Amino acid sequence: MVELIKKKRNGQALSADEISHIVDGFVSGDIPDYQISAFMMAVYFKGMNHEETAILTDRMMRSGDLIDLKEISGIKVDKHSTGGVGDKTTLILAPLVAAAGAPVAKMSGRGLGHTGGTLDKLESIAGLSVSMSREEFIEKIKKYNIAICGQNRSLVPADKKLYALRDVTATVDNISLIASSIMSKKLACGADAIVIDIKVGNGAYMKDVQEARQLADVLIGIGQNMGRKVRAVITSMYEPLGRTVGNALEVKEAIATLKGKGPRDLTELCLELGSHMLVLGGISSNKSEARQKLKHLIESGEAFAKFKELVEMQGGDISMIEDPNLLPSSKYTFQYRAKEEGYIHQLRALDIGLASVKLGAGRATKESQIDFGAGIILHKKVGDFVHKDDILATLYSNDEAHFKEAISYLDAAYAFHPHTLRKKALILDTII
C-alpha cells in the first residue's frame, strides 16, 4: 500500500489490479484508515484519469451486493445531489415523482461536512427506518412505487467507509472521488435512469460552472458505459436552498412544499429536476407536460399523500407528518438581527452550513451525534431589503453555548448593499 500511495503521489496512473487491491483491502480491514487517508489526499492533489475513475467506480459498486430491479415494471428512476445547504429536495421529489407513476429506487447518504444528509433528515421522524434488506427494498418499490434506503453493510460498503473518511480528511471535493461515490451507489441500487443535481457556489463542492460541467461529463460517461441514462442539471448554491437548514426544520419545509406552500426556489428546483425524471422514466414525452403533471399532483394532495405513505411504510410516526409541530425541536432559540440597513447582497451558503453544524445539526467527526431539532430559519434572503435590527434568522440548539460560535459564521455570511442587485439564476445549465 505504501508503494501505491507513493505512485499516486507522484502522479502516476494506477492499474485495475492496483485499484482493486486498495478497495478490497480497505473494505476487509487489511488496509487501515490512515493509509487510505494518505491515498485520497494523493488523489486530491494528483487526480485520476477517466479510466481510473471508471475502474474505481466499478470496484466500489462490486464491493457488496448488487440490487437487480428487473422484476419491477417500468423505468426505475433516481436522483442525486452533490450536496448543498438546505437541500431537502429528495424529501419532496421522491414522493412527487413516485406519485406520477415512476418507480423511485433511492439510496441516500448522511450529512457530509457543511452539507446535510437525507437520511439524517428522515430519521428526525420518530421510528422511521432507512435500513432494509435487498428483498425489502424491492418489495416496497413494487408495492408503493418508492423506497429510500441507507447504505447497509451489504450495499457498496467501500463507499460507505470512504464517504465517512473523506468528510474528516478534507478530501471531499475531488471530481474522481465525487463521481465514483455517486455512481457506485446509483449503479449498485439498480436504477435505469438518474438525474444528478450538481451544485455550484460557495456552499457546494463545485466552485464554478466549468468544474461542474467536467463532473457532469464524467458522470454521464460512467452511466453510458454501464448502460444507464444519466442527465445532469447544474444549479446554484451561492445561498441556501429554501429558508430552513437543519434536519427537522427541513422536514417541515418539505411538507409545506408538498402542500404547495413551499418557498419559490425550492419549489422551482423540484419541478425542474422532477420533470427530467419523468421524461427519462417514460412517464411524460416532454418537460412541459411533466411539469404540469407534477404541479397537479401537488395541488391535488396526491404528492403529500405519497410522502405520508412513504413515512408510514418505513415505520415512521405518521402523526409527525400530519402535525409537523410534533417533530423534534430545540430547547433554546436566538434571533440574529441585521447590523445595518440595505439590500442583502450576499448570504453565503457555506457559512450558514457551518453555523448549522456548530448548532448541532451536522457532524464534526464520524462519531458526532445529530441534534435533530437544531438549525436555522432564514427570514430574509438575497435581494430582500432590511432595516437595522430586523430579524434575519432564528437559530435553534439544545445547547446555548453553541450560539456564540454560530453567530460568528452568520456575521461572515451576510453582506449588504444600498441598491438592489440581480440575483443569480437557480438553474445554470443542463448536460444531457
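Here the structure is a predicted model, which is why all the values come from computation and not from measurement.
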Worked check of side chain to side chain donor-acceptor pair (under 3.5 Å) between Asp371 and Tyr396: CA-CA 10 Å; Asp371 175 356; Tyr396 297 83; over 6 Å; no
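- In this structure, the side chains of Thr171 and Ser37 stay at 4.5 Å or more apart for every pair of heavy atoms.
- Counting only heavy atoms from C-beta outward, the side chains of Leu266 and Ile92 approach each other to under 4.5 Å.
- Annotation: Glu135, atom CD; neighbour count of heavy atoms from other residues, nucleotides and ligands within 6.0 Å is above 12.
- Annotation: the span from Lys295 atom NZ to Ser275 atom OG amounts to 10.5 Å, rounded to 0.5 Å.
- Across all non-hydrogen atoms, the minimal contact from Ser236 to Ala425 is CB-O, 3.3 Å.
- Lys79 and Asp197 are not joined by a salt bridge, as no carboxylate oxygen comes within less than 4.0 angstrom of a charged side-chain nitrogen.
- Electrostatic pairing of Lys331 and Glu400 does not count as a salt bridge here, judged by no charged N lying under 4.0 Å from a carboxylate O.
- For the pair Asn174 and Val43, the tightest heavy-atom approach, listed with the atom from each and the gap, is ND2-O, 3.3 Å.
- The cationic group of Lys161 lies under 6.0 Å from the six-membered ring centre of Phe26 and within 45° of the ring axis, placing it in a cation-pi geometry.
- Nearest heavy-atom pair, Ala349 versus Gly203, reported as atom, atom and distance to 0.1 Å: CB-CA, 3.7 Å.
- Two residues are said to be in side-chain contact when any heavy atoms from C-beta on lie closer than 4.5 Å; Leu280 and Ile75 fail this criterion.
- Gln335 and Arg337 share a donor-acceptor pair across their side chains, judged by distance under 3.5 Å alone.
- Exactly one of Lys186, Lys229, Arg231 qualifies for a salt bridge (charged side-chain N to carboxylate O under 4.0 Å, His left out) with Asp78. That residue is Lys186.
- Lys252 NZ: more than 12 foreign heavy atoms inside a 6.0 Å radius.
- Under the 30°/60° scheme for interplanar angles, the aromatic rings of His387 and Phe385 are found to stand perpendicular.
- No salt bridge links Glu250 with Arg243; every basic N to acidic carboxylate O contact stays at or beyond 4.0 Å.
- Taking each heavy atom of Leu69 and Ala105 in turn, the nearest pair found is CD1-CB, 3.6 Å.
- Inter-residue side-chain proximity for Leu350 and Tyr409 is flagged as unmet; no heavy-atom pair is nearer than 4.5 Å.
- Ionic pairing of Arg291 and Glu272 is present here: one or more N-O contacts between side-chain nitrogen and carboxylate oxygen are shorter than 4.0 angstrom.
- Under the 4.0 Å criterion applied to side-chain N and carboxylate O atoms, Lys380 and Asp390 are not assigned as salt-bridge partners.
- The number of heavy-atom neighbours closer than 6.0 Å to OH of Tyr44, taken from other residues, nucleotides and ligands shown, is 12 or below.
- To the nearest 0.5 Å, atoms NE2 (His80) and OG (Ser181) are separated by 6.5 Å.
- Shortest non-hydrogen contact noted between Thr235 and Leu269 is CG2-CD1, 3.6 Å.
- A 6.0 Å sphere centred on CD of Glu51 holds no more than 12 heavy atoms belonging to other residues, nucleotides or ligands.
- Atom NZ of Lys293 is surrounded by 12 or fewer heavy atoms from other residues, nucleotides or ligands within 6.0 Å.
- We find the SG-NZ distance between Cys189 and Lys106 to be 8.5 Å, quoted to the nearest 0.5 Å.
- Atom CD of Glu405 has 12 or fewer neighbouring heavy atoms from other residues, nucleotides or ligands inside a 6.0 Å radius.
- Ion pairing between a basic and an acidic side chain is recognised when a charged N comes within 4.0 Å of a carboxylate O; Asp265 and Lys381 show such pairing.
- Lys259 is not listed as a side-chain neighbour of Ile298, based on a closest heavy-atom distance of 4.5 Å or more.
- In the displayed structure, Lys424 atom NZ is contacted under 6.0 Å by at most 12 heavy atoms of other residues, nucleotides or ligands.
- Ion pair Asp217/Arg213 not flagged as a salt bridge, since none of the NZ, NE, NH1 or NH2 atoms sits closer than 4.0 Å to an Asp/Glu carboxylate oxygen.
- For the pair Thr244 and Lys88, the minimum side-chain heavy-atom distance is below 4.5 Å.
- The shortest side-chain heavy-atom distance between Ile222 and Thr53 falls under the 4.5 Å cut-off.
- For Ala374 against Ser397, the heavy-atom pair with the smallest separation is CB-CA, 4.3 Å.
- For Asn202 (side chain) and Tyr238 (main-chain N/O), a donor-acceptor pair under 3.5 Å exists by modelled atom type.
- Rounding to the nearest 0.5 angstrom, the gap separating the CZ atom in Arg59 from the OG atom in Ser180 is 13.0 Å.
- For the pair Glu71 and Lys142, the salt-bridge criterion is met [side-chain N within less than 4.0 Å of a carboxylate O].
- Atoms CZ and CD1, on Phe334 and Ile407 in that order, are 3.5 Å from each other to the nearest 0.5 Å.
- Put simply, the side chain of His345 does not reach to within 4.5 Å of the side chain of Val382, judged on heavy atoms.
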